[in-house]
Amino acid sequence: MSLFLGESSAIHNPVVVYALVCLFVILIGATIIVNYLHSRGGSGEFDEIVQRLRTWWVIILLLSSAILLSSETSLIFFALISFLGLKEFLTLAPTRRVDRNVLFYIYLSIPVQYLWAALEWYGMFIIFVPVYLFLFVPLRMVLSGNTSNFLKAAGILHWGVMTTVFSLSHLAFLLMLGPTDRNPYGSGPALVLYLIILTQLNDVAQFIWGKAFGSRRVVPSVSPNKTWEGLLGGMLTTTTLATVLSIWMTPMTLFQGVFAGIGISIFGFVGDVCVSAVKRDLGIKDTSQMLPGHGGVLDRVDSLTYTAPLFFHYVYYFCY
Amino acid sequence: MLGKTARFLFFNFFIRPVVFLYLGVNIRRRNLIPKQGPAILVANHNSHLDTMVLMIACPRSLFRHLRPVAAADYWLKGKFLTWFSRHVLNIVPIFRNKEDRPEGSDPLDPVSQALDEGSAVIFFPEGSRGEPEQMTGFKRGIAILSERHPEVPVVPVYFQGLGRALPRGEGLLVPFLCDMFVGEPLYWGGDEEEFMRRLVRRFESLSREGYKPQWE
């Protein structure tokens, strides 16, 4: 099999392969349990969970093939997520007709930003959106000469591109990180899987803990389903797993792994409620209907908009 | 032969990826589109994309018989556009100016003929694209057509967002997610005013289904 896959394929990394195998084992287990509970007469909410699980299969199959094929396909996969997320954001957020061409340039920033990651040009990667694009957007807006709602429009465009393009593209740069002496297999693809598995598992764990024990709400005005019990239970689950997996999948020490887990848990929650706040502001429930059972792409990657840049800089500072 | 090939290539290799990958269309109740002609598909008009999206959203069995109703003075201008309209889009041309039509004929005659041949026609009762993302009043031509063909279903299709992606008079296609909501078919009930009221009400309820973002 490795004959067909190039040098950059993660198939040569046993940690990645085992992690993916574990992921599929969990997925199969979850499918069996959910189908069993569903057949025993759980309906209503369970229909949605069955559908959500089916969508998880598609997401995980796409993600694992992208990672196993090559680093290029992984970058294209992440760029596509940025594109879909940005499209959902710009469709829902108020925009101005005169800014149609600005929107087009903002979409163009996606391939450029992921190119910096592919080239491993860190300096450019880290300043392109927050400096160059940040300054270019108002410049182009001024040229069209319409000042009504100027500030609001510029703010919306900046926030959208920072979350969906800049933040999420940290997954791409994380993927390009090489092996370290500490853990030769704890390189890019393993780190990306570590982050994505923990962030998404944290969502699921918070949901399950909240359903089972939840009563005290954290931010009732933004997201009424988020409870302290869910948050703390999720944190416990995520941190335990993050610590155990850190030795195997990352170049971090055990101690660093504990804090990575706590960070992913807290900031995954923050990313989630920030997107919830945006949706509440606009008066919508889901960002689109692209992922049956989940809503839109932005609904799925909301936590990653916080955890991806924060985890990247944490690892980059301590281990590289 | 060339026209058929061009039609196949244009819709499957150009329009399909643009509409489903670049833009993204959320279709509700696609099953309400009939599988066979004759049928009248009625849509609100915001952009040239309306026709394109509707055509590839239709079942394959219907696609061959799909013909958009279009103004001859716009679509049959110049050699290439005329060929494109006739063979790739396969339009039913409407001659809006009296002097272009045969003596004593009605502008809707070609549409009636197409329906008699079993085609499914795409009809925009607003008449023109107008201001993007704003629905204007429906013209009564659709009622006249339905009266002539009382057994043919009139299927309302509501579009939203395509006017932002490609408004009238602009060439830059900007990605936006768009909505396409299909409604229950209507039939002629014997009275023009009553028919128009039902049609307008159907569109109003379809338009309330989705989230309409601010855009000015």
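These numbers were taken from a predicted model, which means no experiment stands behind them. For the numbers below, each heavy atom of this structure counts, side chains included, while hydrogens, waters and symmetry mates do not.
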TODO: May I ask you to test the A:F269-A:T307 pair for a side-chain heavy-atom distance under 4.5 Å?
DONE: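 No, side chains not in contact.
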
- [ ] Please assess A:Y114 against A:F78 for the test ring pair (Phe, Tyr, Trp, His ring centres under 6.0 Å), listing each intermediate value before the final yes or no.
- [x] CA-CA 9 Å; A:Y114 281 86; A:F78 295 139; 7.5 Å; no

TODO: Check the pair A:W56, A:H294 against ring pair (Phe, Tyr, Trp, His ring centres under 6.0 Å), reporting the backbone distance first and the verdict last.
DONE: CA-CA 9 Å; A:W56 267 126; A:H294 298 254; 5.3 Å; yes

Task: Heavy-atom neighbours of B:R198 CZ exceed 12 at 6.0 Å - done: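 Result for CZ/B:R198: enclosed.
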
Relative to chain B, which segment of [X] carries a heavy atom at a distance below 4.5 Å: side chain, backbone, both, or neither?
X: A:T95; value: both
X: A:L282; value: both
X: A:L92; value: both
X: A:N149; value: side chain

Task: residues 157-183 of chain B: residues contacting chain A (heavy atom under 4.5 Å, by number) - done: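 Near chain A, by residue number: B:R164, B:A165, B:L166, B:P167, B:R168, B:E170, B:L172, B:L173, B:V174, B:P175, B:F176, B:L177.
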
Task: Residue-level interface, residues 4-26 of chain B with chain A, non-hydrogen cut-off under 4.5 Å - done: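 When heavy atoms of chain A are the reference, residues 4-26 of chain B contributes B:L21, B:Y22, B:L23, B:G24, B:N26 within the under-4.5 Å range.
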
- [ ] Answer yes or no for A:R52 and A:F207: cation-pi contact, defined as NZ/CZ to six-membered ring centre under 6.0 Å and angle to ring axis within 45°.
- [x]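 Yes, a cation-pi geometry.
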
Please tabulate, for side-chain N and O atoms in residues 88-95 of chain B, each donor-acceptor pair with protein atoms closer than 3.5 Å (sequence neighbours left out).
from, atom 1, to, atom 2, distance (Å)
B:N90, OD1, B:R67, NE, 3.4

Task: Contact listing (chain B partner; residues 150-175 of chain A; heavy atom under 4.5 Å) - done: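 Heavy-atom contacts from residues 150-175 of chain A to chain B are A:K152.
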
- [ ] Examine the side chains of A:D272 and A:S303 and answer whether a donor and an acceptor come within less than 3.5 Å of each other.
- [x]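 Note: A:D272 and A:S303 side chains miss the donor-acceptor criterion.
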
Open item on the list: Whether the B:E117 and B:S119 side chains hold a donor-acceptor pair (N or O, under 3.5 Å, no angle test) is what I'd like checked.
Closed with: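 The answer is no; no qualifying pair exists.
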
TODO: Identify whether the distance between the nearest side-chain nitrogen and carboxylate oxygen of B:E126 and B:K139 falls below 4.0 Å.
DONE: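 Looking at B:E126 and B:K139, the cut-off is not met.
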
Open item on the list: Can you tell me how the ring of A:Y105 sits relative to the ring of A:F136, calling it parallel under 30°, perpendicular over 60° and tilted otherwise?
Closed with: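 A:Y105 and A:F136: perpendicular rings.
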
- [ ] Decide yes or no on side chain to side chain contact (heavy atoms under 4.5 Å, CB included) for A:R300 and A:D203, but give the supporting numbers first.
- [x] CA-CA 10 Å; A:R300 194 60 279 139; A:D203 283 2; 2.9 Å; yes

